[in-house]
Visitor: 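One structure, as C-alpha cells, below. Some questions next.
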Amino acid sequence: MTTAASYLSALSQADARARSRADSPTSTPALSLSSSVTSSSEDTTLNEVDRENSDGLSLPPRPPTSEQVFTTVHTEFGHCANEEYRSTSRHPPGTAVPRTVEQEPPYYVLFFTYISYLILLTFGHTRDFVGKHFNKSRYNHLMPNDGYAPLNSDFDSFYTRRFKFRIDQCFSQPVTGVAGRTIVLLDRYSPDFNHTQLLTGGRTRGLNISSYNYLGFAQARGGCADAVEESINRYGISTCGARLEGGTTDLHILGEALVAKFVGKEDAVISSMGFATNSTFIPALVGKGCLVISDELNHASIRFGVRLSGAQVRMFKHNDMKALENLLREVISQGQPKTHRPWKKILVIVEGLYSMEGTMADLPALVELRKKYKFYLFIDEAHSIGALGPHGRGVVDYFGIDPSSVDVLMGTFTKSFGAAGGYIAGSKTLIDHLRVHGHSGAHAESMTPPVLTQVIASMASIMGIALPSKLSGSELETRHPGPVSPKLLPQWINLPPALASGQEGNDRLRRLAFNSRYLHNGLRKLGFITYGHSASPIVPLLLFNPGKMCIFHRMMRDRQTPIVVVVVAYPATSLVTSRVRFCISAAHTKEDVDCVLRACDELGDLLDLKHGISQSERWTIEEITKRAVELSHM
Amino acid sequence: MPLFAFGATNSSLTALEPLFTFLTTSLTIAEGAFNKIPGSAVVLRYVKSSHQNDPGRTILELILVIFAIRTLLQSRTREDRNGNNFIQFTPKEVDELVDEWTPDSLAQPLTPSEQADLAAVPILAGPTGPKPKLINGKQVTNLASLNFTGLAGNEHIKQQAVETLRRYGLGSCGPPGFYGTVDVHMALERDIADFLGTEEAILYSQGFSTISSVIPAYSKRGDIIVADRGVNFAIQKGIQISRSTVRWYDHNDLKSLEQVLEGIEKERKKRKQPLTRRFIITEGIFERDGAMVDLPKLVEIKMKYKYRLILDESYSFGTVGRTGRGLTEVYNVLASKVDMIIGSTAIGLCSSGGFCAGSHIVIEHQRINGPSFVFSASMPPLLAVSASEGIKLLLSKSDMLEKLRVNIYEARQILDKFDLVTIPSHPDSPIIHIYLRAPNDCPTSSSFLHPFSSSSNTKPSNPTSALPRDASTWTWDIEEEEHLLQEIVEEAQSQGVMITKAKQLRGQENVEPRPSIRLAMTSALPPADTRAAVNTVKAAVTKILKRRK
C-alpha cells in the first residue's frame, strides 16, 4: 500500500509540474525533420526526446546485425527479426470451436463495484438537487430556459455528467504523429475538474496498444506511403462528388475489384466511411416484411442501419448459437407478428470479431444453421478483416470456410489497412443492387484517391503480387487466396520488393498472430481475467471497479516507458465489467509485449486485479517472458 | 339419516385425530422457527395490521405480491411468447414449417433501365477537375463534379497533404474518443468555427452521415421537428431515426412554416402538453433544386416561436457569400443566431467529411451523443489539413468565388431564356437544376416557382404528411422524364460535356422529387468555356426533345 500512496503523491507532484510548465512553451519542435541517426534506413520523424531514448521506445533494445535490414521506422513499426516470434492465425481443423467462458470475479469485487456506482449515484443526485436550487446559473442548460426546453435533459445526461465526466482525462486525449507502434500524446491538464482541458504544450511518446492498427500499416514511411504520395500527385485529394454523380475514377473500379478478390467474392462496393457502410447499405438489403436477427453486442452502425431499414429486429444472446437456433425456429414458424405471413427474408447479422469483447463469431455453427434455416448471413468483419486468418482474410479464413457460404461480407479499411472507409462484398447482383439503391452511391462523397491508394497498396502487399512471368491465365484468377494479378493494380503503383512479394505482408500476419496469443495467454497466466479468443488482437482485461479505470490509465501512462491504453465502461460494456482494451499490432515487438505484461503485472498487484486462475497455476513474469513461444502455442 | 351422518363425521374425526395433532405440533414448530428469524416480528405486525379483520385486504395484498412476482419473472420477449398471437407448434411442425419456408432472394436484379443508368455512370481516368479525362480517353468539360471553387487539384493543397502524410501517415486508426483526435482535427475544428464565427465546431468523417447523426443526438421521441418538405435524403433519414414527432411545411415557404408553428402551439396549449425540444430543420441551398432559404426571415420566425434551427449548409458553405461562409454571410446574419450549422468539407472544400458548428454546449453534447462521431474513426489527417488549407485559400483568394459567381451568372443567362426547361434554383445557387418543362406547363409561368410551393390562396397542406396538398396535380411522369434526362446526359457527354442527373433513391424518398439534371458550376472554368458547355447542354436538350416529338 505504501507504494500506492507514494505513487499518488508523485502524481500530484507531476500535476503541479505540468501546470507550471503550461506557460512556457517547449522548445522542441513538433516533429522536426532531421536526418537519420539510427540504423533504420529512413526515419525523419525523430525529435530530441527520441534521440535520448530514455523511454526505450525509439531504439530497439539490440542494434541490428549487419545482415538484418529493416525498412521501417522503429517507432512506427518495431524491428523484430527473431523468426521464433511468429505464429499462424488459424482454427485447428477438426477441433470444436472453444466456448467462451466469462470468468466471474470474487463477490467482494462485484460488491465494491456496485457500492462505487451507488456512491457516485448518490453524490450525483445530491449535487444536482443542491445545484439546481442554489447555483442556478450553472444548471441553466439542463432546465427550461426562456421558452426553450433544455437541449439535454438532466436525466439523459446524468451518466455523462456525473460518471464519465469524473474520468474524462481517460478519453479523447489529443495526439499527433503516426498512430503506429508508438504514439505521441499532447499533454493536457484540467484546472477546473475536467470542465476544460488545456494543452500544456508538452508531448509524451508512449507505446501504443490502443489504435486499430492490427497489421501495422499506419506508417508515414514505406512502400504504402510512397504509393499514397504518388496518388496525391496524380489524382489530387478528392473526386468531388458521389459515386453515381461523377465522383467515380478508375481507382475506385480497381479498388473494388481488388477487395472482391481479396475476400473471395464476386464483387464489392466501397464506401468512404466505415460507419456509413453499415448505416447506408443495410437499408438497401432489408425492408418492411423482413426480419433482422442481430447479436446483442452488434456495433452501433448496424443498429443504425437496421433501424433505418424498417425491418423487424430480434436479438439473441451474444454468440449463443443455441439461442439463435431457438429464435430461428420460433420466428420462422410464427411468421410476421399479427399476420403470421411468412417473412420475406431473414438476415442474420453478426460481427466477425467483437470490438469490446475480443470474441469471434462461431462461424462453423452459423454456416450449418444457414444451410438448415435458409437465412442470409451478414458478417461485419470491421475488426477481423486483415487481422485474422492465415492469409488475413478475416474470420472466414480463420475457420477455413469457403467465402461462398456467407452471403454478405462487410468490413472496414480503418483497422488493418491503416486507411479509412469500408466495403461490402457479395454476388454481382447484390452489389449492383447496393450501388444503385444504397444511400451512399447517390448521396455520399466517394472515397478519396489517397485513401483508396492506401487500401490498394496495403491489400496488395498482404496478397503479394504475382510475377508476370508466372501468370498462367485462368488458373490464377480462380485461386483464392492467391497472389494478385498486376492487372488488378494501377500501373503506377510501384511497391518495394519486400511488399510486392507478399513476404512482408505474411510476416506481419504472423507477427500479429504471435503477439495476440502471447499477450492474451500471458495476461491469463499472470492471473488476470480477460475476455475473448486468444487469437484475437483485441484483448480486454477486466477492471470491474470504475475507479480503477482512471488510475490504471494514468499509471500506465506515467511509467518509465509510457503505455497508452484505452479504458471502456458502460454503456459500451455492461455496468460492472469495466475494462481496459488492448489492441495489439504486428508493429509491436516481443519486447513491447513483455513491457505491457510487466506493467500489467505490477499494476495488477497494486490495484488487486488478478482474479483469474488460482495462485498455484500462475506464472511469474520472468517465466512468462522466457516461455513466450510456448505460450503463443497454447 | 342425520344421526348416521353425525356418527360418520364423528368416526371420521376420531380417525383424523393423529393428523390434527401432527398439524398442530408442526404449526407450533413452524411458528417457533418463524419467530426465530430476525425481522419476523415486523412481517407479522405488517400482516396483522394490513389484515385488520378484513380478509379482502389480505387477498388484495396477496394478489399484488403475485402480480409483482409474475412481472419480475416474465421474459423480455413476452409479447411474442405469451401474446394471443403466439401459436404453439410441436417441434415436428416447426421442422415442416422451416422446410416449407422459401425466402425471397437477397437482392432483386436491377431493372434494365437501372442497369443502363449504372453502366452510363461516367468514370474518370485520372484526377477530377474542370477538364477531366474519361476512361474511354475522351476529354470532357466537367459540369458534374462538385468543385465549386476549383480547389480540386490545387497544387498548394496537394503539397500540404503530402507533408501531412509524411508526418501522420494516412489513417487515424481510432475513433475520436480513443486517440483518434489528432491535432490537425482540432485545428480544422478551430478553423471552421473561426471562419463561420461560432463558438465551436465538430468534425465528422463523412458529409452525408453528419446531419443524420446530428439530428438524433438532440431530438428524441416526443420532441418536435418542423421540417421543409423538400429536405435532402440525409435529413429525412436523420428525422426518421430520431423517432420524433414531425410536422412538414411547404417547400421553401416560410408562410407555411408559420402556419405550422401556430398550429403546433395551439395544439400544445389545448392539450396542455409539457414543453419539449423543438427544432426547425431546413437547408441553406436545397440539394434537390437549388432553392435558397430566406435566412433573416427564418431566424426571425425561429426566435419568435422559440425553436432551435438546424440549418444544412452542405451546398452553401464554401460556395456563396463574399468569402464562402455561406448563407450567414450572404444575408449578414450572425452565425450564432443559427443553433446548428451543418456543412460539408467534402462539397465546400473539396476534401472529405462534414461538420456541425454551434455553441459550446451544442457541440460538447455531440462529442458524446453523435452516433457517427462516437462510433466511427476520425477522418484521415491529410484530409483534415486539406480542408484547413481550403479555408485559408477561400479567405486569401476571394477571386475564386468571384469567378464562380460570374460563371453562375453566365449559365443562368443562357438557361433562363431557354423555353424548353424550367430552373427552380436560386439565381446565386452554384448548383443549377434543370426540369424539363411539362407540356401543359404555362410557358410564361414564373420560372423560379418550384412545383412544391403551392399557391398561397389554397388550403394549406396537412402538416403531418410529407406529401404536399397539390401532389396529386403533379403531371410529370417520373420514369419517362428520367429516361429523357438520361438521354440528354449521354448526348451532352458525347458532345464533350460531362453532366449528371440528380440521382435519387426512387422508392425511398418521402416525396418523389421531380427528375432533374444538376449542373455544378465551377470557378476553374473560364466564363467562355462555361458558356460553351451550357450551350452544349442546351443543344442536347433541344435535340433529344425534338426527337421525342
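Because the structure is a prediction, the values reported are computed rather than measured.
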Visitor: Given heavy-atom pairs under 4.5 angstrom as the criterion, report whether the side chain, backbone, both or neither of B:I123 touches chain A.
Guide: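 Interface part for B:I123: both.
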Visitor: Under 4.5 Å from any heavy atom of chain A, what part of B:L275 do you find: side chain, backbone, both or neither?
Guide: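 Both parts, heavy atoms under 4.5 Å.
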Visitor: Does any backbone or side-chain atom of B:L170 lie under 4.5 Å from a heavy atom of chain A? Answer side chain, backbone, both or neither.
Guide: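 The answer is both parts of B:L170.
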Visitor: Check the pair B:E114, A:H433 against side-chain hydrogen bond (donor to acceptor under 3.5 Å, both in side chains), reporting the backbone distance first and the verdict last.
Guide: CA-CA 9 Å; B:E114 283 171 340; A:H433 177 84; over 6 Å; no
Visitor: Please test A:R329 against B:D95 for salt bridge (Lys or Arg N to Asp or Glu O under 4.0 Å), starting from the C-alpha separation and ending with a verdict.
Guide: CA-CA 8 Å; A:R329 290 178 72 84; B:D95 282 337; 2.8 Å; yes
Visitor: Under a 4.5 Å heavy-atom cut-off, does chain B meet the side chain of A:T448, its backbone, both or neither?
Guide: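 For A:T448, the contact with chain B is made by the side chain alone.
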Visitor: side-chain contact (heavy atoms from CB on, under 4.5 Å) for A:T176 and B:R167? Distances and angles first, verdict last.
Guide: CA-CA 9 Å; A:T176 184; B:R167 288 181 179 185; over 6 Å; no
Visitor: Check for a donor-acceptor pair, side chain of B:Y179 on one end and backbone N or O of A:V565 on the other, with a separation under 3.5 Å.
Guide: yes
Visitor: Would you compute the distance between atom CZ of A:F275 and atom OG of B:S372 and round it to the nearest 0.5 angstrom?
Guide: 5.5 Å
Visitor: A:S301 versus chain B, heavy atoms under 4.5 Å apart: side chain, backbone, both or neither?
Guide: neither
Visitor: In terms of heavy-atom proximity below 4.5 Å to chain B, should A:V331 be classed as side chain, backbone, both, or neither?
Guide: neither
Visitor: Counting only non-hydrogen atoms closer than 4.5 Å, does B:E287 touch chain A with its backbone (N, CA, C, O), its side chain (CB onward), both, or neither?
Guide: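 Interface part for B:E287: side chain.
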Visitor: At a heavy-atom separation under 4.5 Å, does B:S205 approach chain A through its side chain, its backbone, both, or neither?
Guide: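 Contact with chain A is through both the backbone and side chain of B:S205.
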Visitor: Backbone N or O of A:A149 within a donor-acceptor pair of the B:R277 side chain at under 3.5 Å?
Guide: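 Checked: no pair found.
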Visitor: Supply the atom-to-atom distance A:S333 OG to B:E93 CD, rounded to the nearest 0.5 angstrom.
Guide: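 A:S333 atom OG to B:E93 atom CD measures 9.5 Å (nearest 0.5 Å).
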Visitor: Taking side chain as everything from C-beta outward and backbone as N, CA, C, O, which of these in B:V374 sits under 4.5 Å from a heavy atom of chain A? Side chain, backbone, both or neither.
Guide: neither
Visitor: Tell me, for A:F171 versus chain B, whether the close heavy atoms (under 4.5 Å) come from the side chain, the backbone, both or neither.
Guide: both
Visitor: Please look at B:S172 and chain A and tell me whether the side chain, the backbone, both or neither of the residue comes under 4.5 angstrom of a heavy atom of that chain.
Guide: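 Backbone of B:S172 only, per the 4.5 Å heavy-atom cut-off to chain A.
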Visitor: Which of the residues A:T239, A:V568, A:L185 is involved in the greatest number of heavy-atom pairs with chain B at under 4.5 angstrom?
Guide: A:T239
Visitor: With a 4.5 angstrom heavy-atom cut-off, is it the side chain or the backbone of A:P449 that approaches chain B, or both, or neither?
Guide: neither
Visitor: Using side-chain heavy atoms (C-beta onward) and a distance below 4.5 Å, is B:F178 in contact with A:S210?
Guide: no
Visitor: Considering non-hydrogen atoms only, spot the tightest contact between B:A161 and A:I232 and give its length.
Guide: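 For B:A161 and A:I232, the tightest heavy-atom pair comes out as CB-CD1, 4.1 Å.
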Visitor: Given that the side chain runs from C-beta out, which part of B:R243 has a heavy atom under 4.5 Å from chain A: side chain, backbone, both or neither?
Guide: side chain
Visitor: Only pairs of heavy atoms separated by less than 4.5 Å count here; which of B:F208, B:Y218, B:F279 has the most with chain A?
Guide: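 Option with the top pair count is B:F208.
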Visitor: Can you tell which part of B:L110 gets under 4.5 Å to a heavy atom of chain A, answering side chain, backbone, both or neither?
Guide: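 Contact with chain A is through the side chain of B:L110 alone.
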Visitor: Quick check on the interface: out of B:A377, B:S352, B:A152, who has the most heavy-atom pairs with chain A under 4.5 Å?
Guide: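 Of the candidates given, the most pairs with chain A belong to B:S352.
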Visitor: In terms of heavy-atom proximity below 4.5 Å to chain B, should A:L328 be classed as side chain, backbone, both, or neither?
Guide: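 Neither part; nothing is under 4.5 Å.
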Visitor: With chain A, which of B:S145, B:G174, B:A144, B:S219 has the greatest number of heavy-atom pairs at distances under 4.5 Å?
Guide: B:S145
Visitor: Judged by atom type as modelled, is there a donor-acceptor pair below 3.5 Å linking the side chain of B:K503 to the main-chain atoms of A:A242?
Guide: no
Visitor: At a 4.5 Å cut-off on heavy atoms, which part of A:R581 comes close to chain B: side chain, backbone, both, or neither?
Guide: side chain
Visitor: Counting N and O atoms only, with roles assigned by atom type, does the side chain of A:Q334 sit under 3.5 Å from a partner on the main chain of B:F86, one being a donor and the other an acceptor?
Guide: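 No; judged by distance alone, with no hydrogens or angles, the pair does not exist.
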Visitor: Got a second to check how far B:H360's NE2 is from A:H195's NE2, nearest 0.5 Å?
Guide: 9.0 Å
Visitor: Give a yes or no answer on whether the side chain of B:K158 reaches the backbone of A:N233 with a donor-acceptor pair at less than 3.5 Å.
Guide: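 Confirmed, B:K158 side chain pairs with A:N233 backbone.
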Visitor: Verify, without hydrogens or angle tests, whether A:K345 (side chain) and B:L106 (backbone) share a donor-acceptor contact under 3.5 angstrom.
Guide: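 Side chain of A:K345 to backbone of B:L106: a pair is present.
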Visitor: With side chains defined as the heavy atoms from C-beta onward, is the minimum distance between A:L199 and B:D183 less than 4.5 Å?
Guide: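 Answer no - side chains too far apart.
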Visitor: Considering only heavy atoms and a distance below 4.5 Å, find which of A:G438, A:P150, A:P342, A:G441 pairs most often with chain B.
Guide: A:P150
Visitor: Please flag which part of B:P176 lies under 4.5 Å from any non-hydrogen atom of chain A: side chain, backbone, both or neither.
Guide: backbone
Visitor: For each of B:A217, B:G354, B:G353, B:P132, tally heavy-atom pairs with chain A at distances under 4.5 Å, and name the one with the top tally.
Guide: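 Top count of heavy-atom pairs under 4.5 Å with chain A: B:G353.
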Visitor: With a 4.0 Å cut-off, would you call A:K372 and B:D99 a salt bridge?
Guide: no
Visitor: Is chain A contacted by the side chain of B:Q493, its backbone, both, or neither, given a heavy-atom distance below 4.5 Å?
Guide: neither
Visitor: With only heavy atoms counted, which part of A:L430 is less than 4.5 Å from chain B, the side chain, the backbone, both or neither?
Guide: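 Contact with chain B: backbone and side chain both.
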Visitor: Which region of A:I346, side chain (C-beta onward) or backbone (N, CA, C, O), has a non-hydrogen atom less than 4.5 Å from a non-hydrogen atom of chain B, or is it both or neither?
Guide: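 Answer is both: backbone and side chain atoms of A:I346 are under 4.5 Å from chain B.
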Visitor: List the steps and the verdict of side-chain contact (heavy atoms from CB on, under 4.5 Å) for B:S351 and A:S238.
Guide: CA-CA 5 Å; B:S351 169; A:S238 161; 5.7 Å; no
Visitor: Could you please spell out the steps behind the side-chain contact (heavy atoms from CB on, under 4.5 Å) verdict for B:T181 and A:V175?
Guide: CA-CA 6 Å; B:T181 312; A:V175 299; 6.0 Å; no
Visitor: Any side-chain donor paired with an acceptor under 3.5 Å for A:E245 and B:T500?
Guide: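 Absent: no donor and acceptor within the cut-off.
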Visitor: Measure up the B:F233 and A:H443 rings against each other and bin them: parallel (under 30°), tilted (30 to 60°), perpendicular (over 60°).
Guide: parallel
Visitor: Please classify the contact between B:Q206 and chain A as side chain, backbone, both or neither, with a heavy-atom cut-off of under 4.5 Å.
Guide: both
Visitor: Which value, rounded to the nearest 0.5 Å, describes the distance between A:D250 atom CG and B:L124 atom CG?
Guide: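 Here the rounded value is 8.0 Å.
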Visitor: Please state whether the side chain, the backbone, both or neither of A:H439 comes within less than 4.5 Å of a heavy atom of chain B.
Guide: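 Looking at A:H439, backbone and side chain both touch chain B.
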Visitor: Taking side chain as everything from C-beta outward and backbone as N, CA, C, O, which of these in A:L186 sits under 4.5 Å from a heavy atom of chain B? Side chain, backbone, both or neither.
Guide: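 Interface part for A:L186: side chain.
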